[in-house]
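Throughout, a chain's letter reflects where its sequence line sits, starting with A, and its residues are numbered from 1. Below, each value reflects all heavy atoms present in this structure, side chains not excepted, and no hydrogens, waters or symmetry copies.
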Amino acid sequence: MLQCAPYPLLLGPYFPMNIRTLLDQRFRAAFQQAGAPPETNPQVQQSGRPEFGDYQANGAMAAAKALRMPPRALAEKVVQAVDLQDLAERVEIAGPGFINITLSKTWLSRQLSEALRDARLGVAPVEHAQNIVVDYSSPNLAKEMHVGHLRSTIIGDAVVRVLEFLGHRVVRQNHVGDWGTQFGMLIAYIERLRTSGEAQLTLALEDLEGFYRSAKQLFDSDPAFADTARAYVVKLQQGDAHCLELWKHFIDTSMGHCERVYERLGVTLRRTDVKAESAYNSDLPRVIDDLRKQGLLSESEGAQCVFLDEFKGKDDSPLPVIVQKSDGGYLYATTDLAAIRYRAKDLAADRVLYFVDARQSLHLKQVFAVARRAGFVADSCSLEHHPFGTMMGEDGKPFKTRAGGTVKLVDLIDEAEQRAYAVVSEKNPGLSEGERRAIARSVGVGAVKYADLSKNRINDYIFSWNTMLALDGNTAPYLLYAYTRIASIFRRGELGDSHFTGHIDIIEPAERNLGLLLARFSEVVETVGADCYPNLLCSYLYDLAGAFMQFYEACPVLKADEPARSSRLLLCRLTAGVLHRGLDLLGIETIEQM
RNA sequence: GCGCCUGUAGCUCAAUCGGAUAGAGCAUCAGCCUUCUAAGCUGAGGGUAGCAGGUUCGAAUCCUGCCAGGCGCGCCA
């Protein structure tokens, strides 16, 4: 394990704050002093181009308009007023009134030296920790996990990690589907196999997907079996002991499958995070009752519905949220309402995040609206659907096996590891078999996850083995390689904790470039925590890895003279720390060599 | 029919609350290994931002209309 962990000694008080926030505060004060109203947004952001400095404040144009004065004149006054003596080496006005800020190397050097002594690498814990409930993964247990579950699982887990790192109290909710009509069929099939022996049943359940297919086939071809299956749905719902036992056996087996996938993917979900659909069964009649008491319920064509004005269907007709079927059965909207109330009330959530397929947008919008109207959720609680697109094959159609079936996650992981193994063996044949296997595991799984995380989640995305396992470009292998290069420097120099001394002193352009990115880590992490777009963290880490590669080419470390050698070693150490932590927040594990 | 999402380089994708000359990677071409891992680095070419209007000092971003694709829309989840 690389010593990316921080210095144990903390010299004096250190209150990390991200640069953007710091500049925002300074400029807010300056704008007021310059005569702008207190609510003026200084619009501090990272500069788009190097010639515009490191940060820019763009608020002068808008504020000048309100004040009816020339924007450059306001910018002048702001620059006069702003106190940046400690941190900027240049503040310039450009164009119509942009204020460009170049940070001083001294200040940057000090920030980095401090971040190095901080276990959190300069990321401050949130001032007000929130209770954040995160609904993600949530596979249906009738079948094995397949590629359709990947995005929710991977993206949700990354966001969970980020939120916890920021200091929030996170409650994972794996809302697995373990109830509904198809389970009658599966139970009937279990029973049938049991009569031919326990061993055969166990074997059949190994391949859950095949199990489902066989049951379905029987269901479609054998009317007697179909009748039994339908009867079992009813018995199950009535709490029949025998059916429940078979059902539990099935659920248990299926959950075991999921857990093996989570384990291999390095996903933090545990059995204790499961709050299955069936867990809300007893609460469903109460949901209906409460909706009725609120006067929200109306009957339509025999079904119990909630009609809300904001939802219109065809020809402006009212669009119902059906919460109880005409036969008395409940639907997933009912379960979701029960779940949302549990999360808001029992779990006291400040935010509830749903990492759910974009196709459920309307459904969730309706559930959120009904829940609010019914008072299940306080106004102060934020309900957020974070949708994502579908994973497509290289032909632009939903990703399938060659035979046209769904791709099981275990198969996907197997193939990723195999392909990674082939690459490692080719690139680095000197490593032992065991080492290559271990590297292939990290690289293969890391590549799968990174391919998913690095894209803006809203769009559909094209899954391609080639781009994913490519060794260059914005991929997991590239980031992992950057990290191993640092590890290699430390190995080569035989460096232990005691060898890291002195402080970071930014001199070369490549050092400055790298240092500036390192100092921005907290900005990215905070943004991801707020907006739930892990691809921002990916592209940051990619930039960081790139900046390190350039630094590596331009600035010798071990061969440098003091004090540059010490400074560069510390820069390497901080880079390793940020890469390690950043990848960890994405759920990707680093390796020491590859 | 109504609603939601999307349309950026040949391909895969970015772009912070509207900000300056729209950026990467792949692929193509040209360079760099007696020097800390070349799974790397440097450089070149490649764009009517779907189309047309509008708002604005300023639009890939906001608004309107059209075109194209995907998805959703009463008793599955």
- Dump the intermediate steps for ring pair (Phe, Tyr, Trp, His ring centres under 6.0 Å) on A:Tyr478 and A:Tyr542, then the final yes or no. CA-CA 8 Å; A:Tyr478 181 81; A:Tyr542 177 55; 5.4 Å; yes
- Item | P-based separation of B:U64 from B:G18 [nearest Å] | 16 Å
- Using centres under 5.5 Å plus planes under 30 degrees as the test, is A:Phe52 stacked with B:A20? yes
- Query: For the pair made of CG in A:Asn474 and C1' in B:A39, what is the distance, rounded to whole Å?
  - Reply: 15 Å
- Query: Starting at the 5' end of RNA chain B, which residue's closest nucleotide do you reach first, A:Lys365 or A:Asn100?
  - Reply: A:Lys365
- Query: Under 4.0 angstrom, heavy atoms only, what part of the nucleic acid is A:Met549 near: base, sugar-phosphate, or nothing?
  - Reply: sugar-phosphate
- Where the chi angle of B:C33 falls, syn if within 90° of 0 and anti if not: syn
- Task: Test A:Tyr212 against A:Phe250 for ring pair (Phe, Tyr, Trp, His ring centres under 6.0 Å), laying out the working first.
- Result: CA-CA 11 Å; A:Tyr212 183 90; A:Phe250 180 85; 8.8 Å; no
- Once you round it to whole Å, what is the distance between P of B:G43 and CD of A:Glu553? 12 Å
- Query: In whole angstroms, how far is the C1' atom of B:U37 from the CZ atom of A:Phe490?
  - Reply: 15 Å
- Please measure how far the P atom in B:U37 lies from the corresponding atom in B:G31, and state the result in whole Å. 27 Å
- Task: Please state how far atom CZ in A:Phe31 lies from atom C1' in B:C17, giving the value in whole angstrom units.
- Result: 14 Å
- Any A:Arg492 side-chain N or O less than 4.0 Å from OP1/OP2 of B:U37: yes
- Item | Cationic tip of A:Arg457 above A:Tyr533 ring, under 6.0 Å, 45° of axis | yes
- Query: Rounded to the nearest 0.5 Å, what separation is found between the CD1 atom of A:Ile504 and the CG atom of A:Leu518?
  - Reply: 7.5 Å
- Query: Taking C-beta and beyond as the side chain, do A:Tyr354 and A:Gln173 meet within less than 4.5 Å on heavy atoms?
  - Reply: no
- Query: Just how far, in rounded Å, is C1' of B:U61 from OH of A:Tyr533?
  - Reply: 13 Å
- Task: Using the C1' atom on both, measure B:C13 against B:G3 and round to a whole Å.
- Result: 28 Å
- Integer-rounded Å distance: B:C13 C1' and A:Lys455 NZ: 7 Å
- Task: Answer yes or no: side-chain N or O of A:Gln182 and base N or O of B:A77 forming a donor-acceptor pair under 3.5 Å.
- Result: no
- Mind calculating the distance between CZ (A:Phe548) and P (B:C41) to the nearest angstrom? 11 Å
- Query: Is any N or O donor-acceptor pair between the side chain of A:Tyr481 and the base of B:A39 shorter than 3.5 Å?
  - Reply: no
- From CZ of A:Phe98 across to P of B:G58 the rounded distance in Å is 12 Å
- At under 4.0 Å, does any side-chain N or O of A:Gln43 touch on OP1 or OP2 of B:G19? no
- Item | RNA chain B: 5'-proximal contact among A:Gln360 and A:Asp24 (nearest heavy atom) | A:Asp24
